[in-house]
Amino acid sequence: PFERVLSCAPPMYDELWTGAKAMYKLEPAVALGGEVIIYAPHLDVVSHVHGKYIYEIGYHILPYFLNDWERFKHIPLGVLAHSTHLRGSGIMGNGIEKPNVRVTLASKIPAEDCARLNLGYLDPAKINLDEWQNREDEGLLYVPKAGEILYRLKK
């Protein structure tokens, strides 16, 4: 499994709602405690249609919502599903959310919004794509057009 992945969401994903594929199609190839960086310097909106709800609940693992269902049962199920797909898998331990993978967003969505959404933030201008390429043997994976292929580990 890879320790860190730079997952480049193509411009056809014009909101994080669709750009979430850059995370959930790569998570199976990421090490426990690893990180997926969604690199989408063009992206400036979470969701035109569902943004209100996503900002209300943030991005969390499925057990987070199930652990406090009464609080979240008014949220449309598609929004909850989107939240868990982008955040990935994990467990709740002693009431604390423990995701298997860190998710960092490198986009026009500000750092304050990322914190509110329960995502890490990285300034996309500080990412040098060349520094990510051809480093698989170091545990780094560069995916230039993320969201099209579902990644899995070889057995």
Side-chain angles (χ1 to χ4, degrees), residues 1-51 53-55 57-67 69 72 75-93 97-109 113-115 117-124 126-155:
F2 294 99
E3 293 297 322
R4 296 182 81 203
V5 176
L6 185 65
S7 182
C8 302
M12 69 180 180
Y13 301 131
D14 62 350
E15 57 184 6
L16 193 52
W17 183 269
T18 53
K21 293 177 184 181
M23 162 49 182
Y24 68 76
K25 288 196 172 186
L26 281 151
E27 182 187 12
V30 180
L32 287 177
E35 178 183 29
V36 171
I37 300 168
I38 301 172
Y39 177 75
H42 63 281
L43 198 145
D44 61 359
V45 67
V46 171
S47 172
H48 294 290
V49 175
H50 305 290
Y53 289 117
I54 297 166
Y55 273 93
I57 64 170
Y59 288 102
H60 298 279
I61 61 173
L62 179 59
Y64 177 89
F65 294 118
L66 296 177
N67 205 45
W69 183 245
F72 299 108
I75 302 294
L77 294 177
V79 173
L80 292 171
H82 163 76
S83 174
T84 63
H85 291 159
L86 182 98
R87 198 62 188 94
S89 58
I91 61 167
M92 293 293 291
E97 182 177 25
K98 297 177 181 179
N100 290 338
V101 173
R102 294 185 321 275
V103 180
T104 301
L105 189 58
S107 73
K108 291 180 183 175
I109 296 172
D113 285 15
C114 289
L117 294 165
N118 195 33
L119 300 173
Y121 171 81
L122 188 59
D123 180 351
K126 294 185 177 178
I127 295 175
N128 179 341
L129 299 179
D130 293 335
E131 291 177 359
W132 282 84
Q133 297 177 33
N134 304 311
R135 296 182 62 190
E136 293 84 0
D137 58 339
E138 298 173 50
L140 303 178
L141 178 64
Y142 168 71
V143 182
K145 198 172 179 186
E148 294 184 353
I149 297 171
L150 177 61
Y151 284 72
R152 297 276 188 233
L153 293 177
K154 289 182 180 180
K155 293 189 182 209

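Bear in mind the structure is a predicted one, so any value in this text is a computation, not a measurement.
Note that the OG1 atom of T18 and the CG atom of L43 stand 7.5 Å from one another [nearest 0.5 Å]. Note that CG of L119 is 9.5 Å distant from CE of M23, once rounded to the nearest 0.5 Å. Here I75 contributes atom CD1 and W69 contributes atom CH2; the two are 9.0 Å apart, rounded to the nearest 0.5 Å. Separating the CG atom in L140 from the CD atom in E3 is a distance of 9.0 Å, to the nearest 0.5 Å. Going from atom CD1 of I127 over to atom SG of C8 covers 8.0 Å, rounded to the nearest 0.5 Å. For the atom pair Y142 OH and E136 CD, the distance stands at 11.5 Å (nearest 0.5 Å).
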Could you check S83 against I54 for side chain to side chain contact (heavy atoms under 4.5 Å, CB included), going step by step and ending with a plain yes or no? CA-CA 7 Å; S83 174; I54 297 166; over 6 Å; no

Between L129 and E131, does a side chain to side chain contact (heavy atoms under 4.5 Å, CB included) hold up when you go through it step by step? CA-CA 5 Å; L129 299 179; E131 291 177 359; over 6 Å; no

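Pairing each heavy atom of P10 with each of K145, the nearest pair is CG-CG, 3.7 Å. Nearest heavy-atom pair across A146 and S7 is CB-OG, 3.0 Å. Across all non-hydrogen atoms, the minimal contact from I37 to A106 is CG2-CB, 4.2 Å. Closest non-hydrogen pair, C114 versus I109, comes out as SG-O, 3.9 Å. Of all non-hydrogen atoms in G147 and K25, the two that sit nearest each other are O-NZ, 3.1 Å. Annotation for P63 and G90: closest pair CG-O, 3.7 Å, computed over non-hydrogen atoms.
Remark: side-chain polar atoms of R102 are paired, donor with acceptor, to backbone N or O of G33 under 3.5 angstrom. Put simply, the side chain of H48 never gets that close to the backbone of V45: no donor and acceptor are under 3.5 Å apart. Between the side chain of R87 and the main chain of V101, a donor-acceptor pair closer than 3.5 Å is present.
For the pair L105/V103, no side-chain contact is recorded, criterion being any heavy-atom separation below 4.5 Å from C-beta on. Considering only heavy atoms from C-beta on, L16 comes within 4.5 Å of L86 through its side chain. When side chains are defined from C-beta on, V46 does not count as touching E15, because their heavy atoms never get closer than 4.5 Å. Side-chain contact between L122 and Y39: absent, with no pair of heavy atoms (C-beta onward) separated by less than 4.5 Å. With a 4.5 Å cut-off on side-chain heavy atoms, S47 and Y53 do not count as touching. Within the 4.5 Å cutoff, the side chain of I61 has heavy atoms near those of the E97 side chain. The shortest side-chain heavy-atom distance between H60 and T84 does not fall under the 4.5 Å cut-off. Here the side chains of L6 and V36 are not in contact, with every heavy-atom distance at 4.5 Å or above.
In this structure, Y59 and H82 have perpendicular ring planes: the angle between them is above 60°, well past the 30° mark. Classification of the Y24-H85 ring pair by plane angle, with boundaries at 30° and 60°, yields tilted.
No side-chain donor-acceptor contact under 3.5 Å links Y121 and D113.
A centroid separation of 6.0 Å or more is found between the aromatic rings of Y151 and F2.
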